[in-house]
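To start, the structure under review is shown below, and the notes come after it.
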Amino acid sequence: MRVVTTAQTQELDVQPTPLALLLLGREADPRSERGVECPGDLPSPSDPDLVERARAAKEKLGNKVFVLGHHYQRDEVIQFADVTGDSFKLARDAAARPEAEYIVFCGVHFMAESADILTSDDQKVVLPDLAAGCSMADMATAEQVAECWDVLTEVGIAEQVVPVSYMNSSADIKAFTGKHGGTICTSSNAKRALDWAFEQGEKVLFLPDQHLGRNTAVRDMGMSLEDCVVYNPHKPNGGLTAAELRAAKMILWRGHCSVHGRFSLDSVNDVRERIPGVNVLVHPECRHEVVAAADHVGSTEYIIKMLEAAPAGSKWAIGTELNLVRRLANRFAPEGKEIVFLDKTVCFCSTMNRIDLPHLVWALESLAEGNLVNRIEVDKETEAFAKLALERMLALP
């Protein structure tokens, strides 16, 4: 792509268009300030028969197929899910349905891996689009984490470090965690996981989301920001000195969620100004300053339960993925609850939205015809160590 500089623009006597100014952040689009209303709505399926085709294929498969739908999926996909939930809940739901030969996971790659780890060898996990990954999970590769452990070993602190990996990580990272005596956590039980880890060692290597690790340590466990350092895998020794690593209690991997990381303190201040009396409710994957300024912080399931219990007429600004926020806004509107997206501009999870109706129809019709497509299969050694880490989480008090 050829980049035209400002000087070149002036030389060519080209005037920036309103769209160009908007993209450069030099203008505002008032139409983007509509809470859960999205000016760039996802397009409708191009084939009007897709809904009927999905229904027919699912009916033909019967009990042989079990469709899982993550909360962040679009409505056109969610309508065909047998169960909805967060990634770990869905994986456990799949394991509880041993009669289902096919598990179609409408989520992202690491979620399908977790389902394969927890289900039986006879069950086959299918991801409708193999390109549905997770940017956060991709920020920590097995090679990078192994190199980090070498750094910790050279500094002389590896024996004091217990790895704790967020569920939003690849099977390889879960296996590394299991192999090195660590555990997995979710956004709901991160404090319990860290409490356990500090009973086993003096320090924690938290992978791959720095914000969940920092927020849990500082907000929930009373540590200071100075107790936390960020390991950058793209810099020598993680960009840290030996002294910094030795002094730290929490070694946070430099990863983040592209959706939750976009919310800012300005977002919180702005919504409070626009909507007097609003309750700000955010996910712990948000930045620390956002979490500190919010009224309530919790996992996706926590957010749903908080809104279920909210009184009629209450106002809420939610800092999480837009598909879920819009679904909740529509669900609770009849009860008089006003629910808006925390930021003025919208943000779908782009990789999660790769699972669309055309991909789901293709996967279901292929299975109905006896063709196994897009199977997600974790090798046995990786599965064994990853399952060990997951079992440690399940045994947490």
Side-chain angles (χ1 to χ4, degrees), residues 70-72 86-89 107-108 110-111 114 134-140 145 148 161-170 173-174 176-177 182-198 203-225 227-233 248-265 268 280-294 296-304 306 318-321 324 342 347 349 352 389-390 392-393 396:
H70 191 272
H71 285 306
Y72 297 168
D86 59 22
S87 59
F88 185 58
K89 174 185 179 296
V108 294
F110 79 80
M111 300 178 186
S114 296
C134 170
S135 58
M136 179 202 294
D138 292 342
M139 290 176 189
V145 176
C148 171
V161 176
V162 178
V164 175
S165 292
Y166 190 22
M167 181 62 66
N168 298 27
S169 59
S170 69
I173 300 307
K174 290 183 176 72
F176 168 90
T177 305
T183 186
I184 308 301
C185 76
T186 67
S187 53
S188 299
N189 68 8
K191 181 181 183 299
R192 276 185 289 155
L194 287 179
D195 284 337
W196 174 87
F198 280 109
K203 304 172 185 293
V204 164
L205 171 63
F206 195 90
L207 301 152
D209 179 26
Q210 61 171 304
H211 299 305
L212 177 62
R214 181 183 295 106
N215 289 329
T216 306
V218 176
R219 181 178 183 272
D220 300 332
M221 301 178 67
M223 295 187 199
S224 69
L225 291 174
D227 290 324
C228 307
V229 296
V230 178
Y231 184 96
N232 185 342
K249 293 182 180 178
M250 291 285 293
I251 302 169
L252 306 169
W253 193 262
R254 190 174 183 270
H256 66 277
C257 170
S258 58
V259 171
H260 293 107
R262 70 172 287 113
F263 299 113
S264 66
L265 185 57
V268 178
V280 178
L281 171 57
V282 303
H283 195 282
E285 290 175 18
C286 292
R287 301 177 192 179
H288 180 67
E289 59 267 26
V290 173
V291 165
H296 307 278
V297 182
S299 66
T300 302
E301 296 293 341
Y302 175 90
I303 290 172
I304 295 171
M306 178 69 70
I318 312 300
T320 193
E321 206 272 345
L324 175 61
L342 177 58
C347 187
C349 177
M352 187 77 72
L390 286 165
R392 289 192 185 115
M393 180 184 77
L396 290 173

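Everything numeric in this text was worked out from a predicted model, so none of it was measured.
Heavy-atom minimum distance, Met393 versus Thr183: N-OG1, 3.1 Å. Looking at every heavy atom in both residues, Met167 comes nearest to Ser114 through SD-OG, 3.9 Å. Here the closest non-hydrogen pair linking Phe176 and Pro163 is CE2-CB, 4.2 Å. Residue His256 comes nearest to Asp209 through the heavy atom pair CA-OD1, 3.6 Å, listed as atom of the first residue, atom of the second, then distance. Contact detail for Cys228 and Val218: the closest heavy-atom pair is SG-CG2, 4.3 Å. Between Pro284 and Gly298 the shortest heavy-atom distance is CD-O, 3.1 Å.
With Cys148 as the partner, the side-chain contact (heavy atoms from CB on, under 4.5 Å) test is satisfied by one option alone out of Leu205, Leu207, Asn232: Leu205.
Ring pair Phe263/His260 is tilted by interplanar angle, where 30° to 60° counts as tilted. Using bins of under 30°, 30° to 60° and over 60° for the plane-to-plane angle, the ring pair Trp253/Tyr231 lands in the parallel bin.
Listed by chain and residue number, Asp93 satisfy the salt bridge (Lys or Arg N to Asp or Glu O under 4.0 Å) test with Lys89 (two or more places apart in sequence, or in another chain). In this structure Ala389 satisfies the side chain to side chain contact (heavy atoms under 4.5 Å, CB included) test together with Thr177, Ile184, sequence neighbours excluded. Judged as a side chain to side chain donor-acceptor pair (under 3.5 Å), and not counting sequence neighbours, the contacts of Asp195 are Lys191.
Between the Arg214 side chain and the Leu225 main chain, no donor and acceptor come within less than 3.5 Å of each other.
Around the CZ atom of Arg254, the shell of radius 6.0 Å holds no more than 12 heavy atoms that belong to other residues, nucleotides or ligands.
The closest side-chain donor-acceptor pair between Asp227 and Ser224 falls under 3.5 angstrom.
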